[in-house]
There are 2 protein chains.
Amino acid sequence: MDKLTKKFRSRGHRITQSRLAITDILSRTDKPLTVSEIRRSLSQRKVTVDKVTVYRELTFLVREGIAGEVDFGEGAKRFESADRDHHHVVCVNCRRVEDVVLRHDIAAEERRIAQKKGFTITHHALEFFGLCASCR
Amino acid sequence: MDKLTKKFRSRGHRITQSRLAITDILSRTDKPLTVSEIRRSLSQRKVTVDKVTVYRELTFLVREGIAGEVDFGEGAKRFESADRDHHHVVCVNCRRVEDVVLRHDIAAEERRIAQKKGFTITHHALEFFGLCASCR
DNA sequence: TGACTGATGCAACTTAGTTGCATTATGATG
DNA sequence: CATCATAATGCAACTAAGTTGCATCAGTCA
């Protein structure tokens, strides 16, 4: 029994077809996916899952720390595996996405802001936008 | 005739009641506003403006560089005056927003990424989330 | 004071995301 | 292996964000 299965079962959660399929889709993609992209991918695999279930599953995976949520300001959230700490560069023309690992330590900036503003900072969102080599 | 009026007229744009009211609302607020907040503010001023007009006006103001668009991942975009270069800390509980001016030069990071990824980077989005002093 | 055309309102629409409720099925237990 | 509690699901109906087409209105310039 793999690690994830164990984690789920120990918390009273079940291993279902949709859960397996959605986590698998997220783990295989190299860019964050919207709900409609995930649904398209599910139907390609002949897995029938209602959209409500997809939303609920994603909420669940984010809460469990298995998936991460990003927002490129497109009017729909995107989801990806949460295993890496990175940001993205998005081509505003072709929507190509590449991962970016910052050189600078944002955590230090967060501590400074927390100190100055009296906030407890839990997370941040940082995405870069522009044109990729082929769209330029 | 003020500077903005001049700018508008020179480009063939007109000074209308909605345009004046919306730019005024944005200039007076200390936090970015959603379309529905702007509409609420408009009706408080007894200015009747259709929601379509508000959307079109905001698109216009962003295109003209007068307003800026931010997205806190709430499912609705927010708009603010575009005069300052800053980011935000958002309290996830009470939605209080404070401006943040970064100490670190993001532009340098952008240049590094552009170089490495072959992108031309035009802009970025950076927001911090957490709990404010009173919500903690 | 026209007339050109930018701005507006209305209706109708698309799409993202949510909620309530009845039903199904996973997996722990005896 | 059968049972059962409840996690997960599907469906229908809904809310809210944002968009489009088109006829009409109203700033602005000459």
Side-chain angles (χ1 to χ4, degrees), chain A residues 1-2 4-25 32-43 45-64 66-67 69-79 95, chain B residues 1-2 4-25 32-43 45-64 66-67 69-79 95:
Chain A
M1 180 157 62
D2 80 3
L4 198 55
T5 303
K6 205 179 244 170
K7 177 178 180 182
F8 282 154
R9 295 230 171 117
S10 73
R11 301 201 193 189
H13 298 302
R14 295 167 187 177
I15 313 302
T16 63
Q17 284 311 301
S18 358
R19 183 152 294 162
L20 284 174
I22 294 171
T23 51
D24 188 62
I25 287 166
L33 303 174
T34 62
V35 167
S36 68
E37 286 166 352
I38 292 169
R39 298 231 290 152
R40 211 168 302 139
S41 182
L42 283 166
S43 58
R45 294 173 177 221
K46 313 285 179 204
V47 179
T48 315
V49 186
D50 192 80
K51 74 169 176 178
V52 180
T53 301
V54 179
Y55 278 107
R56 287 196 275 232
E57 187 56 30
L58 289 168
T59 304
F60 169 81
L61 292 175
V62 169
R63 196 176 56 230
E64 296 294 314
I66 289 146
E69 199 180 305
V70 293
D71 197 322
F72 295 160
E74 304 161 300
K77 288 179 178 164
R78 290 183 174 271
F79 300 85
R95 290 283 146 196
Chain B
M1 182 157 62
D2 82 2
L4 199 55
T5 304
K6 205 178 241 169
K7 176 178 180 182
F8 281 154
R9 294 228 171 119
S10 72
R11 301 202 192 189
H13 298 302
R14 297 168 186 175
I15 313 302
T16 61
Q17 284 312 303
S18 356
R19 185 152 292 162
L20 285 174
I22 293 171
T23 51
D24 189 61
I25 287 166
L33 302 174
T34 61
V35 167
S36 69
E37 285 167 351
I38 292 168
R39 297 230 292 150
R40 213 168 301 140
S41 182
L42 283 166
S43 58
R45 294 172 178 222
K46 313 285 180 202
V47 179
T48 317
V49 186
D50 191 81
K51 76 170 176 178
V52 180
T53 301
V54 178
Y55 278 108
R56 286 197 275 232
E57 187 57 31
L58 289 168
T59 305
F60 169 81
L61 293 175
V62 169
R63 196 175 57 229
E64 296 295 314
I66 289 146
E69 199 180 304
V70 293
D71 197 321
F72 295 161
E74 303 160 301
K77 287 181 178 162
R78 290 184 173 270
F79 299 86
R95 291 284 146 195

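All chains are named by letter (A, B, ...) in the order of the sequence lines, taking the proteins before the strands, and each is independently numbered beginning at 1. All values below were derived from every heavy atom in this structure, side-chain atoms included, with hydrogens, water molecules and symmetry-related copies excluded. Source: prediction; values computed, not measured.
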Rounding to a whole Å, what distance do you find between [X]:[atom1] and [N]:[atom2]?
X      : N       : atom1 : atom2 : result
R11(A) : dA8(D)  : CZ    : C1'   : 17 Å
L20(A) : dA8(D)  : CG    : C1'   : 13 Å
K6(B)  : dC29(D) : NZ    : C1'   : 17 Å
I22(A) : dT9(D)  : CD1   : P     : 8 Å
F8(B)  : dC29(D) : CZ    : P     : 14 Å
D50(B) : dT19(D) : CG    : P     : 14 Å
L61(A) : dA8(D)  : CG    : C1'   : 13 Å

#### Entry: Inter-axis angle, terminal five-pair segments of the helix from dT1(C)-dA30(D) to dG30(C)-dC1(D) [nearest 10°]
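Inter-axis angle at the ends, rounded: 30°.
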### Task
Look at the aromatic rings of F60(A) and F8(A) and report parallel, tilted or perpendicular, splitting at 30° and 60°.
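Aromatic pair F60(A)/F8(A) classed tilted.
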### Message
So which atom in D71(A) and which in G73(B) form the shortest heavy-atom distance, rounded to 0.1 Å?
### Response
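Closest approach of D71(A) to G73(B): OD2-CA, 3.5 Å.
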#### Entry: Closest non-hydrogen atom pair, I22(A) against V54(A)
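Between these two residues, the closest heavy atoms are CD1-CA, 4.2 Å.
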Across the strands shown, which category fits [X] at heavy-atom distances under 4.0 angstrom: base, sugar-phosphate, nothing?
X      : result
T48(A) : sugar-phosphate
T34(B) : nothing
K77(A) : sugar-phosphate

### Message
List the residues meeting salt bridge (charged side-chain N to carboxylate O under 4.0 Å, His left out) with D50(B), not counting sequence neighbours, and say none if there are none.
### Response
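Per chain and number, D50(B) pairs via salt bridge (charged side-chain N to carboxylate O under 4.0 Å, His left out) with no residue.
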To the nearest 0.5 Å, tell me how far [X] [atom1] sits from [Y] [atom2].
X      : Y      : atom1 : atom2 : value
I25(B) : F79(B) : CD1   : CZ    : 13.5 Å
T23(A) : L58(A) : OG1   : CG    : 10.5 Å
S36(A) : K51(A) : OG    : NZ    : 11.0 Å
E64(A) : K7(A)  : CD    : NZ    : 5.5 Å
D2(B)  : I15(B) : CG    : CD1   : 7.5 Å
L20(A) : L4(A)  : CG    : CG    : 8.5 Å

### Task
Find which nucleotide of DNA chain D each of K51(A) and F60(A) is nearest to by heavy atoms, and output the residue with the more 5' nucleotide.
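Per heavy-atom nearest nucleotide, the more 5' residue is F60(A).
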### Task
Measure the shortest side-chain to side-chain distance between K77(A) and V35(A) over non-hydrogen atoms and say whether it is less than 4.5 angstrom.
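No, every pair of side-chain atoms sits at 4.5 Å or beyond.
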### Message
When you compare the side chain of R39(B) with that of S43(B), does any pair of heavy atoms fall below 4.5 Å?
### Response
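No, their side chains stay 4.5 Å or more apart.
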### Query
Between which nucleotides of DNA chain C, read 5' to 3', does contact with chain A run, using atoms under 4.0 Å from its heavy atoms?
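Using the under 4.0 Å cut-off, the span is dA16(C) to dA28(C).
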### Those residues of residues 52-59 of chain B lying under 4.0 Å from DNA chain C by at least one heavy atom
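Within this stretch, V52(B), T53(B), R56(B), E57(B) sit under 4.0 Å of the strand.
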Dump every N/O contact between nucleotides 25-27 of chain D and the protein below 3.5 Å, one line per pair.
unit_1, atom_1, unit_2, atom_2, d
dG27(D), N2, R14(B), NH2, 2.9

### salt bridge (Lys or Arg N to Asp or Glu O under 4.0 Å) partners of residues 12-24 of chain A, not counting sequence neighbours, each pair once
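Qualifying pairs, neighbours excluded: R19(A)-E57(A), D24(A)-R28(A), D24(A)-R45(A).
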